[in-house]
Amino acid sequence: MRAKLSVVIPTLNAETALARSLPALAEGLSAGLIRELVISDGGSNDATLTIAGEAGAEIVTGAPSRGGQLRRGAELAQGGWLLFLHADTVLPPGWADLVLAHLPTGNPAHFRLQFDTSGPAAAIVAGWANLRARLFHLPYGDQGLLISRADY
């Protein structure tokens, strides 16, 4: 059976961000969870596409627009589940086990937001985003969005 999850990342000049975020996906590969990585690029003129290609990503390009890039990436993706990530999102250790445990529910999910910087502003923004997601079921894209293809 093929892995169930397609990771979709919209990019625009994201070489630095991808160098940090892509290694965290290795956990999902080791777990047999990730079917493919789809990079939906909006016209990068840095090494974004080189890094994506070296990572074995499927690449689709088009106009820069977060919504359009996500749509193009989802259309190319073949997995039964889609994990939408921002290019600068670094998944936490243990993420693959969390996703594997969640998939049988069939429900959409998101990750908890946490910034890699300290200070009151970061804590307030992350706290509000996590509270908003929990109480109102309205996560931000920065939190990583997991959704079945059927629901998408």
Side-chain angles (χ1 to χ4, degrees), residues 1-116 126 129-130 132-152:
M1 182 173 92
R2 301 250 355 225
K4 298 179 180 182
L5 186 68
S6 294
V7 178
V8 178
I9 302 176
T11 58
L12 180 61
N13 296 326
E15 69 178 86
T16 302
L18 288 179
R20 292 188 58 234
S21 64
L22 292 181
L25 296 178
E27 183 179 313
L29 289 171
S30 295
L33 177 63
I34 297 177
R35 177 183 181 125
E36 66 196 338
L37 169 63
V38 177
I39 298 295
S40 183
D41 192 69
S44 293
N45 57 17
D46 65 359
T48 295
L49 297 179
T50 300
I51 291 168
E54 289 172 354
E58 298 288 331
I59 298 170
V60 62
T61 59
S65 145
R66 177 81 38 100
Q69 287 174 249
L70 291 172
R71 180 185 47 76
R72 285 189 297 275
E75 287 172 354
L76 180 63
Q78 299 295 308
W81 283 84
L82 305 169
L83 177 58
F84 295 103
L85 300 174
H86 285 191
D88 62 352
T89 297
V90 178
L91 293 172
W95 74 267
D97 289 336
L98 293 172
V99 170
L100 282 168
H102 182 81
L103 293 181
T105 72
N107 295 323
H110 62 277
F111 288 90
R112 191 171 187 285
L113 182 63
Q114 181 178 340
F115 294 106
D116 61 358
N130 292 321
R132 174 182 184 251
R134 188 171 67 236
L135 294 179
F136 304 110
H137 306 287
L138 294 171
Y140 288 100
D142 300 272
Q143 291 177 261
L145 305 175
L146 177 68
I147 187 166
S148 70
R149 173 167 299 287
D151 285 339
Y152 177 77

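Just so it is clear, the values below take in all heavy atoms, side chains as well, and ignore hydrogens, waters and symmetry mates. For the single chain, residues carry numbers from 1 onward in sequence order.
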Please find the pair of heavy atoms, one from [X] and one from [Y], that lie closest to each other, and give the distance.
X     : Y     : value
Ala31 : Ala96 : CB-CB, 4.1 Å
Pro23 : Leu18 : CD-O, 3.9 Å
Ala52 : Ile39 : CB-CG1, 3.6 Å
Pro10 : Leu85 : CD-O, 3.2 Å
Ala14 : Thr48 : N-OG1, 2.7 Å
Leu76 : Glu58 : CD2-CB, 3.8 Å

Side chains of [X] and [Y]: closer than 4.5 Å at any heavy-atom pair?
X      : Y      : result
Phe111 : Val99  : yes
Pro108 : Asp151 : yes
Val8   : Gln69  : no
Arg35  : Leu5   : no
Leu22  : Ile9   : yes
Leu146 : His102 : yes

### Query
What pairs with Arg71 under salt bridge (Lys or Arg N to Asp or Glu O under 4.0 Å), at least two apart in sequence or on another chain?
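By the salt bridge (Lys or Arg N to Asp or Glu O under 4.0 Å) rule, Arg71 matches Glu75.
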
Fill in: Those residues that, when tested against Arg20, pass salt bridge (Lys or Arg N to Asp or Glu O under 4.0 Å) (two or more places apart)
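Applying salt bridge (Lys or Arg N to Asp or Glu O under 4.0 Å) to Arg20 gives Asp116.
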
Rounded distance [0.5 Å steps], [atom1] in [X] versus [atom2] in [Y]:
X      : Y      : atom1 : atom2 : answer
Glu27  : Leu33  : CD    : CG    : 9.5 Å
Leu82  : Ser148 : CG    : OG    : 8.0 Å
Leu98  : Arg112 : CG    : CZ    : 12.5 Å
His110 : Leu138 : NE2   : CG    : 10.0 Å

Exercise for review: Name all residues meeting the side chain to side chain donor-acceptor pair (under 3.5 Å) criterion together with Ser44; count only those two or more places apart in sequence or in a different chain, and write none if there are none.
Suggested key: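 Per chain and number, Ser44 pairs via side chain to side chain donor-acceptor pair (under 3.5 Å) with Asp41.
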
Requested in this report: Under the side-chain contact (heavy atoms from CB on, under 4.5 Å) rule, collect the residues that match up with Asn45, sequence neighbours excluded.
Outcome: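 By the side-chain contact (heavy atoms from CB on, under 4.5 Å) rule, Asn45 matches Asn13.
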
| said: One pair to check against side chain to side chain contact (heavy atoms under 4.5 Å, CB included): Leu25 and Trp95. What are the steps and the verdict? | reply: CA-CA 9 Å; Leu25 296 178; Trp95 74 267; 4.3 Å; yes

> Can you pull the ring-ring contact (aromatic ring centres under 6.0 Å, His included) pairs that have at least one residue in residues 37-84, sequence neighbours excluded?
Replying inline: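 Listed once each, the pairs are Phe84-Tyr152.
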
Show which side-chain atoms of residues 59-67 pair as donor or acceptor with protein atoms under 3.5 Å away, not counting sequence neighbours.
residue, atom, partner, partner atom, Å
Ser65, OG, Gly68, N, 3.2
Arg66, NH1, His86, NE2, 2.8

N/O donor-acceptor pair under 3.5 Å between Glu36 side chain and Gln78 backbone
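Present.
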
